[in-house]
Protein chains: 2
Amino acid sequence: MRMNPAAENNDRQQLGERLNAGGFRFTSQRRCVYDVLLNKRDHPTADEVFMRAKKGMPEISHATVYNCLDALVECGLARQVHLQRGAARFCPNMEEHCHYYCDACGEVFDVTLPADGAMMPKPRGFKVDHYDIAVHGLCAACAKKK
Amino acid sequence: MRMNPAAENNDRQQLGERLNAGGFRFTSQRRCVYDVLLNKRDHPTADEVFMRAKKGMPEISHATVYNCLDALVECGLARQVHLQRGAARFCPNMEEHCHYYCDACGEVFDVTLPADGAMMPKPRGFKVDHYDIAVHGLCAACAKKK
DNA sequence: TCCTTATTTAGAATTATTCCAAATCTTGAC
DNA sequence: GTCAAGATTTGGAATAATTCTAAATAAGGA
């Protein structure tokens, strides 16, 4: 699920522009949080991002992590995903994809979608921003156990 | 979004059987909570269900509402949906459908899906339980305002 | 460099959910 | 119908997730 190094550099360079375009300022905290998302693409919760971010930036605060994540979501560099009761998760993969979620062990993985929202019905007047598609069930390992 | 009265009676009669089949007991609280879901299909949060349930059953507790909702979800009479940060919502519509969610005003509505998960990729070994498909954007009314 | 304004910070406050132990039901056997 | 066993409910406390607040700091333009 990792991208190649060149693509990651690209991602990081885009940060400044994208923040600007969205009316946000570039800050070291936002870079740090974005790096956390890019470095381990395992759909961390805000709290997991917080703990990882503290390794490189010990003074960063909880509220800032939320602020940074929200800024990244708003300027199109990350997505927020809602898979279960409790904490939201974050994902820097902006390709059209869906999330397979194991209800037993909590594992999440991305699967790129062949077609985009073309198959979806389009209610009159509704202005679509994005799709949030989760597939719940048991991952291969957990399915075998039962 | 309401079903006809005959269908609702059907829904209510199924409650006992379904609970049994799932290894749950029938209780008045579970009937009450299920009735709340059937009576107003507006995707209430657990807390909204709690407040509505109290009208008919003033002594019902918060923990019981969670317990009942979880039981209903587990025996296939309701679905839990995760649309935004914060509270989960509940929905007694068990047809294959997706949720259109207005990020501005919070309105939710169901749209029955033409095809079921047939178009989805099937990762090897993953045992699919159900799909949870949300479409984010602006409802007609909010789209007009902007 | 200075000013304006966004952002960060720590901690308090709020919201959402889960846990707990005692009391109370539901169900099946008799 | 009565009883016992075990599931469920209760109220309240505990925990988790997120938001708010006011003061301090940092970013970007003039």
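Reminder, nothing fancy here: chain letters follow the sequence lines and each chain counts from 1.
Residue Cys102(A) comes nearest to Cys139(A) through the heavy atom pair SG-N, 3.3 Å, listed as atom of the first residue, atom of the second, then distance. Shortest non-hydrogen contact noted between Pro123(B) and Tyr100(A) is CD-CE2, 3.2 Å. Looking at every heavy atom in both residues, Arg41(B) comes nearest to Pro92(B) through NH1-CG, 3.9 Å. When all heavy atoms of Gly22(B) and Cys75(B) are compared, the pair lying nearest together is CA-CB, 4.5 Å.
For the pair Asn67(A) (side chain) and Ala63(A) (backbone), a donor-acceptor distance under 3.5 Å is absent. Remark: the backbone N or O of Leu19(A) is not paired with any side-chain donor or acceptor of Arg25(A) at under 3.5 angstrom. In terms of modelled atom types and a separation under 3.5 Å, the side chain of Arg89(B) and the main chain of His43(B) share a donor-acceptor contact. Put simply, the side chain of Glu17(A) never gets that close to the backbone of Gln14(A): no donor and acceptor are under 3.5 Å apart. In this structure a side-chain-to-backbone donor-acceptor pair under 3.5 Å is missing from Asp103(A) to His136(A). A distance-only check finds no donor-acceptor pair linking the side chain of Glu74(A) to the backbone of Ala71(A) [under 3.5 Å].
Inter-axis angle, ends of the helix from dT1(C)-dA30(D) to dC30(C)-dG1(D), five pairs per end, rounded to 10 degrees: 40°.
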When you check every protein heavy atom under 4.0 Å of nucleotides 20-30 of chain D, what one-letter string (B, S, -) results, 5' to 3'?
-> B------BS--

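A salt bridge links Arg52(B) with Asp42(B); the closest basic N to acidic carboxylate O contact falls under 4.0 Å. A salt bridge links Arg85(A) and Asp70(B); the closest N-O separation between the charged side-chain nitrogens and carboxylate oxygens is under 4.0 Å.
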Set out, line by line, the N/O atom pairs under 3.5 Å between protein and nucleotides 15-18 of chain D.
unit_1	atom_1	unit_2	atom_2	d
dT18(D)	OP1	Ala88(A)	N	3.1
dT18(D)	OP2	Tyr66(A)	OH	2.6
dT18(D)	O5'	Tyr66(A)	OH	3.2

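Interface limits on DNA chain C: the 5'-most and 3'-most nucleotides within less than 4.0 Å of chain B heavy atoms are dA16(C) to dT27(C).
Applying the ring pair (Phe, Tyr, Trp, His ring centres under 6.0 Å) criterion to His62(B), with sequence neighbours excluded, gives Phe50(B), Tyr66(B).
For the OP1/OP2 pair of dT10(D) and a distance below 4.0 Å, the side-chain nitrogens and oxygens of Thr64(B) include at least one atom meeting the criterion.
Each of Leu138(B), Val135(B), Val108(B) was compared with Tyr101(B) under the side-chain contact (heavy atoms from CB on, under 4.5 Å) criterion, and only Val108(B) meets it.
Near DNA chain C, meaning a heavy atom under 4.0 Å from it, residues 50-59 of chain A has Glu59(A) in order of number.
Distance, Asp70(B) CG to dT8(D) C1': 13 Å, rounded to whole Å.
Leu113(B) is not connected to Val81(B) by any chain of hydrophobic side-chain contacts under 4.5 Å among Ile, Leu, Val, Met, Phe, Trp and Tyr, and they are in different clusters.
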